Amino acid sequence: MEGVVASAPGKVLLTGGYLILERPNAGLVLSTNSRFFAIVKPLYHQLKPDSWAWGWTDVKLTSPQLSRESIYKLSLKNLSLEYVSSSDSKNPFVEQAVQYCVAAARATVDKNKKDSLEKLLLQGLDITILGSNDFYSYRNQIEARGLPLTPDALAALPPFASITFNAEESNGENCKPEVAKTGLGSSAAMTTAVVAALLHYLRVVDLSSVLEDHQHEKYTADLDLVHVIAQTAHCIAQGKVGSGFDVSSAVYGSQRYVRFSPEVLSSAQVAVKGTPLHEVVLEILKGTWDHERTKFSLPPLMTLLLGEPGTGGSSTPSMVGAVKKWQKADPQKSLETWRKLSEANSALETQLSTLSKLAEQHWDEYESLIKSCSILKSEKWIQQAAKPNQEAIIKALLGARDAMLRIRYHMHQMGEAAGVPIEPESQTSLLDATMNMEGVLLAGVPGAGGFDAVFAVTLGDSGSHVASSWSSFNVLALLVREDPHGVSLESADPRTKEITSSISSVHIE
């Protein structure tokens with residue numbers, strides 16, 4: 001079998017920060033044109049005659065952007081991975097993905113295919129992972145070259161450029177340097193890409209039908225299997241069961257998401273202490289995965305923009321911890337804030353869905369209104385509406401803005417109460433300025449907030465004007481755009497075909 005290349009998108013959580021951790025709160029998550037790629041090939045083309053008696057096989061993991069390579073032995077009996085050559089850093093996400101994929105293959109394979117599966121395993125697994133530049137921060141490199149902080153400077157970097165590390169803290173001499181990231185969910189996209197490539201390679205799923213027919217039932221069942229294994233590997237590698245929206249969008253693309261009940265993974269959490277993996281995998285595959293996802297993406301002629309403010313990333317887990325502590329300490333006030341946030345989140349969702357419907361029903365009016373609003377500040381939009389349909393469109397645009405302002409207000413309050421910078425002052429002034437620019441519908445901090453990134457949703461062609469205004473605020477506009485597609489099988493190694501954002505974001509619906 002030749003190699004398999006699969007890719008999975010990064011994400012931006014528009015609404016649902018913090019609330020998405022608890023059912024039945026929903027979050028709106030957009031998948032992006034920034035993708036993680038996993039390439040899986042056999043390590044050995046020829047098997048030695050005595051190989052059937054081997055108890056181990058070899059796994060090689062290469063991450064060219066970090067110039068890292070790790071070699072493992074995988075026990076064919078209990079599927080444990082042992083480290084052979086140790087570069088200083090492990091990749092728990094890929095390690096868990098390998099173990100769970102092989103366990104899933106063993107657990108689901110037909111009797112008559114057992115031999116070919118074992119043969120594939122004995123040939124060893126050669127895994128390469130690559131992430132689009134947008135997952136990582138190249139701000140320092142651009143500044144070091146004396147280039148302006150513009151998307152053009154980013155576009156000039158070679159694809160899959162080497163990754164820069166944040167400088168070490170001055171006090172901790174021995175702490176490991178952190179990879180500087182932009183908050184697009186690289187670990188979820190990486191885990192999902194590896195799981196998809198491995199499950200396809202081991203013939204557990206067939207992802208090739210994605211190209212012809214998305215609605216295909218068998219294909220949906222295959223995607224569901226990729227989702228369950230990727231969620232499991234990702235949670236175990238993280239050491240905690242998160243909401244899972246990042247993995248879900250990496251698998252299925254843009255959506256409205258409600259989390260699964262964490263109990264579905266309790267057997268996997270116990271397994272860390274030594275239950276055999278093939279038993280655990282059967283439990284997990286039989287489990288009640290009760291997450292909900294509904295189709296959702298941005299209305300037509302709207303663009304998602306992301307900006308990197310260059311104030312260093314924030315640690316999501318510690319911010320979530322602080323919010324949970326506040327919920328315990330002040331249940332009444334926190335419930336009230338969550339209720340208001342949840343209402344504002346729903347309101348934004350409703351207005352965006354309304355806009356998508358209006359675009360469908362009255363395309364010409366929608367198109368011309370978006371065009372005229374794209375060069376005006378929001379207070380002038382209302383003057384553009386002369387007819388009832390136009391009025392409905394403008395009303396929904398202004399309603400979406402209003403909902404976003406309420407979301408920001410309650411998120412800010414929650415941060416103040418919990419003592420964490422969900423929308424820090426520096427972000428507030430930047431977001432206010434952005435919301436006041438021509439053609440800007442929304443601006444906010446995605447996900448859990450903090451200093452990682454800001455997003456804007458812009459109308460028509462106003463995005464380039466926003467990007468250049470941002471650079472005067474010392475904010476680097478990234479090349480990321482929304483792309484509603486989830487995991488997919490690629491035809492070739494992405495390094496052989498130049499992938500540019502512009503090409504990969506053009507999809508013929």
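These figures come from a predicted structure and were not determined experimentally. Count residues from 1 along the sequence.
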- Message: To the closest 0.5 Å, what do you measure between OG (Ser75) and CG (Leu81)?
- Response: 9.5 Å

- Message: What I'd like to find out is whether the side chain of Thr32 reaches to under 4.5 Å of the side chain of Val12, using heavy atoms alone.
- Response: yes

- Note on the structure: Rounded to the nearest 0.5 angstrom, the CG-CZ distance for Asp290 and Arg259 is 9.0 Å

- Could you give the distance from NE2 (His200) to OG (Ser208), rounded to the nearest 0.5 Å? 5.0 Å

- Does some side-chain heavy atom of Ile163 sit less than 4.5 Å from a side-chain heavy atom of Tyr138? yes

- Query: Does the side chain of Pro494 come within less than 4.5 Å of Ile39's, by heavy atoms?
  - Reply: yes

- Message: Rounded at 0.5 Å granularity, tell me how far CD in Gln123 sits from OH in Tyr44.
- Response: 11.0 Å

- Message: I'd like to know if Glu349 and Arg256 make a salt bridge, using a cut-off of under 4.0 Å between side-chain N and carboxylate O.
- Response: yes

- Item | Residue pair Leu304 / Arg481: nearest heavy atoms and the distance that separates them | O-CD, 3.5 Å

- Item | Inter-residue atom distance Glu69.CD - Thr128.OG1, 0.5 Å rounding | 9.0 Å

- Message: Using a strict threshold of under 4.0 Å (side-chain N to carboxylate O), is an ion pair present between Arg106 and Glu118?
- Response: yes

- Query: Centroid-to-centroid, Phe160 to Phe37, below 6.0 Å?
  - Reply: yes

- Below 4.5 Å, heavy atoms only, C-beta onward: do Tyr18 and Leu341 meet side chain to side chain? no

- Message: List the residues meeting side-chain hydrogen bond (donor to acceptor under 3.5 Å, both in side chains) with Lys73, not counting sequence neighbours, and say none if there are none.
- Response: Asp58

- Message: Please check: side-chain N/O of Tyr100 versus main-chain N/O of Ala230, any donor-acceptor pairing under 3.5 Å?
- Response: no

- Task: Drop me the distance from Phe245's CZ to Leu21's CG, to the nearest 0.5 angstrom.
- Result: 9.0 Å

- Query: What are the two closest heavy atoms between Ala268 and Ile284, and how far apart are they?
  - Reply: CB-CD1, 3.6 Å

- Between Arg293 and Ser248 the two heavy atoms that sit nearest each other are CD-OG, 4.1 Å

- Do Arg139 and Glu308 touch side chain to side chain, with heavy atoms closer than 4.5 Å? yes

- If the plane angle is over 60° it's perpendicular, under 30° parallel, otherwise tilted; pick one for His291 and His227. tilted

